[in-house]
Amino acid sequence: MEDFADMKMVLKGEPCTNDAGEVVTPEVAILYGDFIGSGYRFYHCGFCNVHGLSEPSAMPRKEEAAPAPPPAPSTEEVLYRK
């Protein structure tokens with residue numbers, strides 16, 4: 001994956017430094033790389049979440065065993081019902 005953080009458009013020259021190496025006037029630039037990187041990460045996370053949540057529900061499920069039928073009444077119960 002490419003890192004977009006270093007992408008920028010320089011509007012006004014290089015930064016000026018003094019003899020000690022400290023930056024006196026920084027360069028004027030539009031740092032659009034962070035914006036593109038954030039958009040890419042947002043899209044990637046959303047895509048993975050959607051497909052990660054939808055795939056398990058699309059998988060075939062194992063059929064559950066049918067519950068056992070209730071036991072048949074005993075002969076005595078059948079005789080008493082008549």
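Note that this is a predicted model, so its numbers are computed, not measured.
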Ala29 to Lys8 - nearest heavy-atom pair and separation: CB-CD, 4.3 Å

CG-CE distance between Leu31 and Met9, expressed to the nearest 0.5 angstrom: 10.5 Å

Sorted by chain and residue number, the side-chain contact (heavy atoms from CB on, under 4.5 Å) partners of Asn49 (sequence neighbours excluded) come out as none

Taking the inter-plane angle between the rings of His51 and Phe47 on a 0 to 90° scale, is it parallel (under 30°), tilted (30 to 60°) or perpendicular (over 60°)? tilted

Identify every side-chain donor-acceptor pair in residues 67-76 under 3.5 Å, counting partners at least two apart or on other chains, and give the distances.
none

Should Phe35 and Phe4 be regarded as members of a common hydrophobic cluster, given that ILVMFWY residues are connected when their side-chain heavy atoms come within less than 4.5 Å of each other, either directly or indirectly? no

Under the ring pair (Phe, Tyr, Trp, His ring centres under 6.0 Å) test, residues paired with Phe42 that sit two or more places apart: none

Atom of Glu27, atom of Val10 and distance for their closest heavy-atom approach: OE1-CG2, 4.0 Å

Assigning hydrophobic clusters by single linkage (Ile, Leu, Val, Met, Phe, Trp, Tyr; side-chain heavy-atom cutoff under 4.5 Å), is Leu11 placed with Ile36? yes

